[in-house]
Amino acid sequence: MRVTYDAEADMAYIYLVDRIEPGEAVQQVVAGDDATAVLDLDAQGRLLGVEVPDAASRLHPGILDAAERIG
């Protein structure tokens, strides 16, 4: 599992697979009434990754400390 974090956008992405190829995530499912997370699924319905907006308030600080910084 790999986590990336864009501090400027306060957005994290949790990869559940090594790599997501362009076009591989064909369905996005919003989780939670307030868009707590967006689940990326492949054509077979397998979960590839999770996008987390407002990551600083939604994720444990240790996760963000260990995340790869982007942006």
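The figures that follow rest on heavy atoms only: side chains count, while hydrogens, waters and symmetry mates do not.
Taking CD from Glu8 and CD1 from Ile70, the interatomic distance works out to 11.0 Å, rounded to the nearest 0.5 Å.
Taking each heavy atom of Pro53 and Ala35 in turn, the nearest pair found is CG-O, 3.3 Å. Counting all heavy atoms, side chain and backbone alike, Ile20 lies closest to Tyr13 at CD1-OH, 3.4 Å.
Residue pairs meeting the side chain to side chain donor-acceptor pair (under 3.5 Å) criterion with at least one partner in residues 59-71, sequence neighbours excluded, are Arg2-Glu68. Here salt bridge (charged side-chain N to carboxylate O under 4.0 Å, His left out) pairs that include residues 37-53, with residues two or more places apart or in two chains, are Asp42-Arg46.
With sequence neighbours excluded, no residue forms a salt bridge (Lys or Arg N to Asp or Glu O under 4.0 Å) with Asp10. Checked against side-chain hydrogen bond (donor to acceptor under 3.5 Å, both in side chains), Thr4 has no partners two or more places apart in sequence or in another chain. Legend: residues meeting side-chain hydrogen bond (donor to acceptor under 3.5 Å, both in side chains) with Asp33, ordered by chain and number and at least two apart, are absent.
In the hydrophobic clustering, Ile63 connects to Met1, Val3, Tyr5, Ile14, Leu16, Val29, Leu39, Leu41, Leu47, Val50, Val52, Leu59, Leu64, either directly or through intervening members, whenever side-chain heavy atoms lie under 4.5 Å apart.
The backbone N or O of Ser57 lies less than 3.5 Å from no partner atom in the side chain of Asp54, so there is not a single donor-acceptor pair.
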